[in-house]
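In what follows, a structure is listed as structure tokens, so that the remarks can point back to it.
All heavy atoms count here, side chains included; hydrogens, waters and symmetry mates do not.
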Amino acid sequence: MPALLQRLRQRLTARDHGLLVLRRAGRTAIVMPGTFALCDQVIGNPEMALFAAFGSFAMLMLVGFGGPMRQRMQAQASLAVVSSLFVCLGTLASQAAWLACLAMAVLGFGVLLAGAVSSVLAGASTSLLLSFILPVSLPGTASDVPDRLAGWGLAAVVGLFAIRLLWPEPAADPLRGKAVGACRALAARLRSEDEASPDHEQIVRDAHRALDELQRQFLTTPYRPTGLSASDRAVVRLVDELNWARRVIVHSLPIPDDSPNLAARRARIAAANVLGHGADLLAAPRTSPDALHAASAELRAALFALERDAADVLPPLSDRGPGNGTGTSTVSPDEPDEPDDRQVTEVIDALEPSFRAHELAFVVGAIGDNIDAAARAERRTWVQRLLGRQATGLPGTLSAAQERVSAHVDPHSVWLHNSVRGAVGLALAVLVANLTDVQHAFWVVVGALSVLRSNALSTGQNALRAVLGTLAGFAIGALLLLPIGSDTTPLWFLLPVTILVAGVAPAVISFAAGQAAFTLELVILFNILQPTGWRVGLVRIEDVAIGCGVSLVVGLLFWPRGAGAALNTALSQAYTASSRYLAAAVEFGMRRPGSRPTSTAVEAKRQAVRAASAARRMDDAFRQYLTERGAKTTPLAEFAMLIGGVIGLRLAADTVLDLWERDGDQAFGEGSTARPTRLPHAQLRHTLLRRTWQVTDWYDDFARSLDGGRPVPRSLDQDADADRALVRALREDLRDKHGIASATAVRAIWTGDHLSALRRNQPTLVQPVLATGLAHGERAPD
């Protein structure tokens, strides 16, 4: 026996991190029998007792809000108010079958889709649905509302005290802790490189280890498909951003003290400060963000100085030929200028350190903004959390909610799929229960809700498990009831035990084991209310089988391929949208002289919103894929690499747009010898746009290959002539006749560098697709 208990304990701690499931099950095992006994034995109201029991189950077992205790209590109180309203609405709608079916469809869709706006509503969606399913499935009139509401309200009030007093969950977040360590490790690496630390090699290894642990924690964390709060989403985004920052750091080199690119060195140090202060704020989000804001302002100032000093280190460009060092032409003025390889190398190499520093600074700036957003989200009021609004001080609270909803009003949105599927499945279950006139229509709907998953295959597997588990639970219940008979006293002692097992079994043992324990719990509960022996189990089997059949039909009719195929589609859309955003950002910078900048700017912003929406759908599809039961045909690390490619593409577009949006006078200052930015001339526009279209066309082809539209494209080779063409196009902009450097030259070369970096990243995207067969096509012919 001790060995068995030890194995059970090890299994519990391995599958229930932080014992969160055990805490919820333990509280429910105490509160649910207590409220049920009070209403049934003391007050003597079976209707009130039934709603008190299931109210306790909904308020304690099916929901677990995170964050500080005050926020949990506020969210729990909000759930109590909304679910009580649903009890009233469900009772009134239960008087007619057509009204019950219609109300279930509308409310089910609304509750499930509301999770796109509010993490509070998303995390409580199952509890909210249960608060409507129970009354709408049990025919009643307006006169039944007070008893039902009293039972549910009692459970809600007692549940508030239970959450506060009975084994409360800690507010620790393992992923956040790993993100804090990764930020500090990257900051230490940047400082050690620029300070020539003797422990540099060990610091580099520590940084890689911290990033690897963060990625591993992300892939092993049991995410729900809905319900992540705004701060949790921000931390999840940090995983990809920090990994992308690692790639940038790996390709950059430390700046020595005697380098003319001292601004690049200052930018790297400023980036390290942002990472350090960001880690402090991430670890204690309710502290003052002043240190991070000051570091971010320092980083922005370093970006401006970086661009100014980059122009100052541009070497002079002599005319065509080997060059005589005098800057005078050695060819006829009628011949086109053609810089030689040495001159091209000098120009490009002169800006390489500053470009790497600029790339790093922009990524770290995005990380700092993300950390600040996470901290602001932690400081929101409960009303802001419930309504899905941003924190005070952030613009566009209403527009942000609209953007989140519009991101999922898309035929390929996994969230929309689940909302429609869930609403239709529950409404159909209510209709079938009413038409077949089963004894307990409630269990038909609960049976559909418990087994409906994201694809038909998984739904069928869960339906089989549900029926087998129900059979097992009925068999155990029948064996228990045979010697007990009509004596309810032993059942009162067994009820808390079965509630505890029913709460823990799905996470620790299996879905079927949870169904068995849940069936046994219901057999005991209904035999206490109306002692009928083992016949209750037979009714439960019949009702659950009908509900399982409904869920299987709905799963077959609506998007049967599941989250894996939806993730492929979401990845394809994210790459396409991000590619178009990059093209729009470059076209904004390359606008023609005399043209109005507003049209290209509006288009770039529009594409930025579309790219953000596609990335949100991709994120939801990935978390749905992580949550979906069954073996994963594609390793999670490969999907994570592809998602990182989308992050890099969007960051490049963000950087290019920010680069050309800044006014030249702002970046270069009144006392600078560099000219402010001027609009590019025709040859430069043609050169950069041609390079952009080459890159974006490749990413469009790659996106289509992910969704099965065409073979995987061959990675683009690095074009050695591209740099020569760019320098030739910039000949008029590198320096004027007085030797004054140009901001246009710096920004154009940096834009070209971003495009080159995206080309270099292509093999890392193609390799996992070909290795795992993720795309439906083969490699395109060379």
Side-chain angles (χ1 to χ4, degrees), residues 22-63 76 79-80 83-84 87 91 127 130-131 133-135 137-138 140 144-168 440 442-443 446 473 476-478 480-481 483-505 514 517-537 539-540:
L22 182 60
R23 293 170 194 266
R24 290 200 295 267
R27 282 196 293 266
T28 309
I30 296 173
V31 173
M32 186 173 171
T35 56
F36 180 65
L38 175 64
C39 297
D40 184 56
Q41 300 295 312
V42 179
I43 300 176
N45 189 326
E47 186 93 352
M48 183 178 176
L50 183 64
F51 275 79
F54 284 100
S56 301
F57 187 79
M59 303 295 291
L60 296 174
M61 185 77 80
L62 299 181
V63 67
Q76 198 74 23
L79 173 61
S83 61
S84 298
V87 169
T91 301
S127 297
L130 183 59
S131 69
I133 289 172
L134 180 63
S137 303
L138 301 175
D144 296 316
V145 170
D147 290 341
R148 296 181 174 189
L149 189 59
W152 195 275
L154 174 65
V157 172
V158 176
L160 283 171
F161 287 98
I163 290 172
R164 182 65 182 88
L165 301 175
L166 298 179
W167 204 8
H440 295 288
F442 167 67
W443 299 119
V446 172
I476 297 173
L480 288 175
L481 291 174
I484 292 175
S486 60
D487 185 9
T488 60
T489 302
L491 299 181
W492 282 106
F493 289 98
L494 290 174
L495 183 60
V497 178
T498 57
I499 293 172
L500 180 65
V501 176
V504 175
F518 191 46
T519 299
L520 180 59
E521 172 192 338
L522 297 177
V523 168
I524 293 174
L525 188 70
F526 278 95
N527 267 282
I528 292 175
L529 280 175
Q530 296 177 342
T532 56
W534 54 270
R535 293 180 181 85
V536 173
V539 173
R540 164 76 169 146

Closest heavy-atom contact between [X] and [Y]?
X: Phe36; Y: Ala53; answer: CD1-CB, 3.9 Å
X: Val87; Y: Thr91; answer: O-OG1, 2.8 Å
X: Ser84; Y: Trp152; answer: OG-CD1, 3.8 Å
X: Pro496; Y: Pro33; answer: CG-CG, 3.9 Å
X: Leu154; Y: Cys39; answer: CD2-SG, 3.6 Å
X: Leu495; Y: Thr498; answer: O-OG1, 2.8 Å

Using modelled atom types only, decide if a donor and an acceptor are shared between the side chain of [X] and the backbone of [Y] within a distance under 3.5 Å.
X: Ser127; Y: Ala58; answer: yes
X: Arg148; Y: Pro135; answer: yes
X: Thr35; Y: Met32; answer: yes

Exercise. Would you please name every residue forming a salt bridge (charged side-chain N to carboxylate O under 4.0 Å, His left out) with Arg24, sequence neighbours left out?
Key: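 For Arg24, no residue satisfies salt bridge (charged side-chain N to carboxylate O under 4.0 Å, His left out) once neighbours in sequence are set aside.
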Going from [atom1] on [X] to [atom2] on [Y], what distance comes out if it is rounded to the nearest 0.5 angstrom?
X: Ser137; Y: Leu130; atom1: OG; atom2: CG; result: 9.5 Å
X: Leu62; Y: Ser56; atom1: CG; atom2: OG; result: 11.0 Å
X: Leu500; Y: Leu22; atom1: CG; atom2: CG; result: 6.5 Å
X: Ile499; Y: Leu494; atom1: CD1; atom2: CG; result: 11.0 Å
X: Asp144; Y: Phe51; atom1: CG; atom2: CZ; result: 8.5 Å

Practice problem: Test side-chain contact (heavy atoms from CB on, under 4.5 Å) on Met59 and Val158 and set out the steps. | Solution: CA-CA 10 Å; Met59 303 295 291; Val158 176; over 6 Å; no
Quiz item: Residues two or more places apart in sequence or in another chain: which of them pass side-chain contact (heavy atoms from CB on, under 4.5 Å) with Pro146?
Solution: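 With sequence neighbours excluded, Pro146 shows a side-chain contact (heavy atoms from CB on, under 4.5 Å) to no residue whatsoever.
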Self-check item: Ile163 side chain reached by Leu166 side chain, heavy atoms, under 4.5 Å
Solution: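 A side-chain contact is absent here, since even the closest heavy-atom pair is not under 4.5 Å.
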Quiz item: If we only count heavy atoms from C-beta on, is the Leu138 to Leu50 side-chain gap below 4.5 Å?
Solution: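 The answer is yes, as the side chains (C-beta and beyond) meet within the 4.5 Å cut-off.
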